[in-house]
Amino acid sequence: MINCHNSKYIIITMYPELINSYLAFCQIRNESYRTGKIDLSDREWFYPTTLLPLGDHIKKNKQNIKYIPPTRSSVNNYIEIMVDSLDPLSYDGQSFVPLINLPKNDTTKANKLLCGLYHENEWIIVGGKEAYTWVINELVDNIYQHSEFNNAAVMAQRYERKKFIELCFFDNGISIPGSYNKHLGREFNGIEAIREAINGLSTKHEKGRGTGLADSIKLVSRGMKGEVMVVSDDGIFYKNQSDIDWYILKDEINKLNGTLISIRIPFQKKEVLWYEYLK
Amino acid sequence: MNILNEHNNYKKIIMKNVFSDNLALRQNADDLFDYIESSPTEEIIFDFTGVTSISRSFAHQYTLRKNQCNKKITETGESVEVERVFEFAKKQREKQPPVDMADVRVLAI
């Protein structure tokens, strides 16, 4: 049992950048509730970790919140793809758009759309195709298996100067604690539920289930030398090569309705062999 | 489903044409077996030629459903990469948490 009494909290102000990116979304969302508008006109860029939940928030609230889009077209394009549920291939013609809305009831189409993320330019710099597709396939599959989403998206953005790729998986479904509550009748807070998911507690009954999240975290943090953040309801799990941190979102306004998994993988030359890390 | 080769005695299913060169989702494997179980053909050949990546989830579900299926099912054209994931999916693994939960530090935001 993770002790969550107030006396055990450690209040800190410096967070890893992935967490700051999630909090940047919370800040925009909270401001929109306070003022009745979302003004992104001067925003030059967002990390996927901010962009995906923000796109969902705009989509859900576009009738009752005044929305001013970013003037920069590339940023606006991404938000439009999410808000208007556009198919990135038809939206942008020939060019590579690294954001995919996951179709709710068509997993055959989802499978085909995912191939849009598997460009050699991307996987070759972060450990090779096998490890890269492993992580994306497993985390997208988890969304379809467990989240019961209305809106879900995956994005892979390459940062040339910072030398990493950020992968982001978002769904606005029932969250990890919500899934355990619904299917197993067990009540967990966010961090307890994320811990159980990492430890392999599955809502499915077949043998061999419940390994996708743990394997992905292991492969990213050990094999690809990257970092992972999982946000679900009021819990955050963060892991890089050396540290693990758990955060509880005490403030209701920072909670996430759904699940967000963000990953940063540094550029690397050596191929990462998944079978050396997953045994 | 897009079945390219159908003969009197067997069906050959080209996986790349039905899905893509990446087999990602557990549900895709379920859909595949739901389809062949509803078909009168007793012998099915799954052709993996051109499939370059497969998820552990797809391979696991494929294996589960194949074991439950009464039809004669064979595979052809698997790459080394695809075979490796199938072998991995068949293993009974002990769950090994990637994080040590004994000393958990909880921070508040």
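Just so we're on the same page: letters track the sequence lines, and every chain starts at 1. In what follows, every heavy atom counts, from backbone to side chain, and hydrogens, waters and symmetry copies are set aside.
- Scanning both residues, A:Thr108 and B:Asp31, for their nearest heavy atoms gives OG1-OD2, 4.5 Å.
- Counted within 6.0 Å of CD on A:Glu276, heavy atoms from surrounding residues, nucleotides or ligands total more than 12; the atom is thus considered enclosed.
- In this structure, A:Lys207 and B:His60 have side chains that are not in contact, with every pair of non-hydrogen atoms separated by 4.5 Å or more.
- Atoms CH2 and CZ, from A:Trp274 and B:Arg56 in turn, are 10.0 Å apart once rounded to the nearest 0.5 Å.
- For A:Leu114, the part sitting under 4.5 Å from any heavy atom of chain B is the side chain, from C-beta outward, and nothing else.
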If you apply the rule side-chain hydrogen bond (donor to acceptor under 3.5 Å, both in side chains), what do you find for B:Ser53 with A:Lys129, and how did you get there? CA-CA 8 Å; B:Ser53 53; A:Lys129 187 173 183 179; 4.6 Å; no
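- Residue A:Asn254 touches chain B through its side chain alone, counting heavy-atom pairs closer than 4.5 Å.
- In this structure, the side chains of B:Val85 and A:Trp134 come closer than 4.5 Å at one or more pairs of heavy atoms.
- B:Leu25 and A:Ala110 get closest at one heavy-atom pair: CD1-CB, 3.9 Å.
- At a 4.5 Å heavy-atom cutoff, the contact between B:Ser57 and chain A is made by backbone and side-chain atoms alike.
- Interatomic distance, OG1 of A:Thr133 versus CD of B:Glu81, reported as 9.5 Å (0.5 Å rounding).
- One distance of note links NZ of A:Lys279 with CZ of B:Phe88; it measures 10.5 Å at 0.5 Å rounding.
- Heavy-atom contacts from other residues, nucleotides or ligands closer than 6.0 Å to CG of B:Asn67 number more than 12.
- In this structure, the side chains of B:Arg26 and A:Arg209 come closer than 4.5 Å at one or more pairs of heavy atoms.
- For the set A:Leu249, A:Asn137, A:Asp251, A:Asp234, the entry with the most heavy-atom pairs within less than 4.5 Å of chain B is A:Asn137.
- Counting heavy atoms of neighbouring residues, nucleotides and ligands inside a 6.0 Å radius, atom CD of B:Gln68 exceeds 12 of them.
- For chain B, the nearby parts of A:Thr107 are the backbone and the side chain; heavy atoms of each come within less than 4.5 Å.
- Looking only at heavy-atom pairs under 4.5 Å with chain B, the residue among A:Ile136, A:Asp141, A:Val140 that has the most is A:Asp141.
- The neighbour count for A:Lys104 NZ, taken as heavy atoms of other residues, nucleotides or ligands under 6.0 Å away, is above 12.
- For chain B, the nearby part of A:Ile236 is the side chain; its heavy atoms alone come within less than 4.5 Å.
- For B:Leu64, the part lying under 4.5 angstrom from a heavy atom of chain A is the side chain only.
- To the nearest 0.5 angstrom, B:Ser55 atom OG is 11.0 Å from A:Leu139 atom CG.
- In terms of modelled atom types and a separation under 3.5 Å, the side chain of B:Asn22 and the main chain of A:Cys115 share no donor-acceptor contact.
- In terms of heavy atoms, A:Lys112 sits closest to B:Phe19 at NZ-O, 2.9 Å.
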